[in-house]
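All values reported here derive from a predicted model rather than from experimental measurement.
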Amino acid sequence: VFSYLRKRLDEGKKVVPISMNVSRVHLDNDDIIKYILKLFDEYKIPPELVEFELTENIYMSNMANAKKFLDFCKKIGVFVSMDDFGSGYSSLNVMNSLPIDILKLDKVFLRNEKLTDNDMIVIECIVSMAKRLKMKVICEGVETKSQSEFLRQIKCDEIQGYFYGKPMAEEDFNNYIESH
């Protein structure tokens with residue numbers, strides 16, 4: 001990712017922030033912070049172009065290492081998201097106690113093609129709560145126009161899913177960002 005961003009920056013091409021998953025194994029490795037600092041130093045990538053995603057269960061299973069990693073990311077200006085929120089045993093306490101920038105609602109909240117009243121209530125409450133905690137909110141798994149319209153109506157910051165585009169190869173991604 002760092003090499004890809006550096007190449008596009010050097011070529012004067014459009015770049016967009018890229019998210020990378022961080023696993024439990026990464027957090028258990030004390031050298032991860034040194035490695036990330038080395039990458040930033042080597043490639044000279046602006047921190048706002050990088051986001052690290054930690055799944056909800058990582059926060060739950062290794063709170064001390066997650067907190068250390070989050071504090072490091074805050075210090076260097078890298079955004080951190082809680083990915084797949086709601087896919088497991090969500091802890092609202094985690095949202096309240098860790099410096100998370102972005103909450104990514106799992107597609108489980110959009111399991112019904114047509115959202116029920118209860119679906120809408122739960123989603124709207126989570127989006128509202130996250131925004132009040134000063135988090136950006138991204139909803140994953142959007143597949144229909146009505147889901148997208150509802151999320152826009154409740155002011156979800158970003159909407160992601162097959163309704164907008166499927167996973168694509170690097171060349172297709174490059175063409176997409178150049179044309180948008």
Residue pair Asn112 / Thr116: nearest heavy atoms and the distance that separates them: ND2-CG2, 3.8 Å
Spacing of OG belonging to Ser146 relative to NZ belonging to Lys114, to within rounding of 0.5 Å: 6.5 Å
Pairs where residues 69-79 contributes a residue and the test side chain to side chain donor-acceptor pair (under 3.5 Å) is met, not counting sequence neighbours: Lys67-Asp71, Lys74-Asp101
Stepwise side-chain contact (heavy atoms from CB on, under 4.5 Å) check, Met120 with Ile154: CA-CA 9 Å; Met120 290 187 284; Ile154 64 168; over 6 Å; no
Set of residues satisfying side-chain contact (heavy atoms from CB on, under 4.5 Å) with respect to Lys155, sequence neighbours excluded: Lys131
Close side-chain approach of Leu37 to Ile76, heavy-atom, < 4.5 Å: yes
Heavy atoms of other groups near Glu178 CD, more than 12 under 6.0 Å: yes
Considering all heavy atoms, the nearest Pro46-Leu9 contact: CD-CD1, 4.0 Å
Heavy-atom closest contact (Gly141 atom, Gln147 atom, distance): O-OE1, 4.0 Å
Any residue meeting side-chain contact (heavy atoms from CB on, under 4.5 Å) with Ile121, in chain and number order, not counting sequence neighbours: Asn118, Cys125
Inter-residue atom distance Phe85.CZ - Ile126.CD1, 0.5 Å rounding: 5.0 Å
Spacing of CG belonging to Leu39 relative to CG belonging to Leu5, to within rounding of 0.5 Å: 11.0 Å
Other residues, nucleotides, ligands: >12 heavy atoms within 6.0 Å of Asp117 CG: no
Partners meeting side chain to side chain donor-acceptor pair (under 3.5 Å) with Glu48 (sequence neighbours left out): none
Side chain to side chain donor-acceptor pair (under 3.5 Å) involving Ser3 - partner list, sequence neighbours excluded: none
Selection residues 158-172 - residue pairs positive for salt bridge (Lys or Arg N to Asp or Glu O under 4.0 Å), sequence neighbours left out: Lys136-Glu158
With Ser179 via side-chain contact (heavy atoms from CB on, under 4.5 Å) - residues at least two apart: none
Within residues 140-152 or reaching into it, pairs that qualify as salt bridge (Lys or Arg N to Asp or Glu O under 4.0 Å) - sequence neighbours excluded: Lys104-Glu140, Lys145-Glu149
Closest contact, heavy atoms only, Leu49 versus Val16: CD2-C, 4.2 Å
Ion pair check, Lys44 and Asp41, cut-off under 4.0 Å: yes
Heavy-atom closest pair, residues Val142 and Ser148: CG1-N, 3.9 Å
Separation between NZ of Lys38 and CD1 of Ile33, rounded to the nearest 0.5 Å: 16.0 Å
Of all pairs that satisfy ring pair (Phe, Tyr, Trp, His ring centres under 6.0 Å), the ones with a partner from residues 130-178, not counting sequence neighbours: Tyr176-His180
Remaining members of the apolar cluster that contains Ile102, side-chain heavy atoms under 4.5 Å: Phe79, Ile138
Distance in Å, Ile32 CD1 paired with Asn65 CG, rounded so as to fall on 0.5 Å steps: 11.5 Å
For Cys73, side-chain contact (heavy atoms from CB on, under 4.5 Å) partners two or more places apart: Phe52, Phe69, Val78, Val80
Interatomic spacing from CG in Leu151 to CD1 in Ile123 - rounded to 0.5 Å: 6.0 Å
Test log, rule side-chain contact (heavy atoms from CB on, under 4.5 Å), inputs Val50 and Ile36: CA-CA 11 Å; Val50 175; Ile36 291 169; over 6 Å; no
Pairs flagged by ring pair (Phe, Tyr, Trp, His ring centres under 6.0 Å) wherever residues 10-42 is involved - sequence neighbours left out: Phe2-Phe40
Nearest atoms (heavy-atom pairs only) where Ile177 meets Tyr4: CD1-OH, 4.2 Å
Leu103 and Met129: CA distance, side-chain angles, deciding distance, side-chain contact (heavy atoms from CB on, under 4.5 Å) verdict: CA-CA 10 Å; Leu103 185 72; Met129 179 178 50; over 6 Å; no
Side-chain donor/acceptor of Ser23 to backbone N/O of Val25, under 3.5 Å: yes
Backbone N/O of Tyr43 and side chain of Arg6: donor-acceptor pair under 3.5 Å: yes
Verdict with reasoning, Ile100 to Leu54, per side-chain contact (heavy atoms from CB on, under 4.5 Å): CA-CA 10 Å; Ile100 300 164; Leu54 285 77; over 6 Å; no
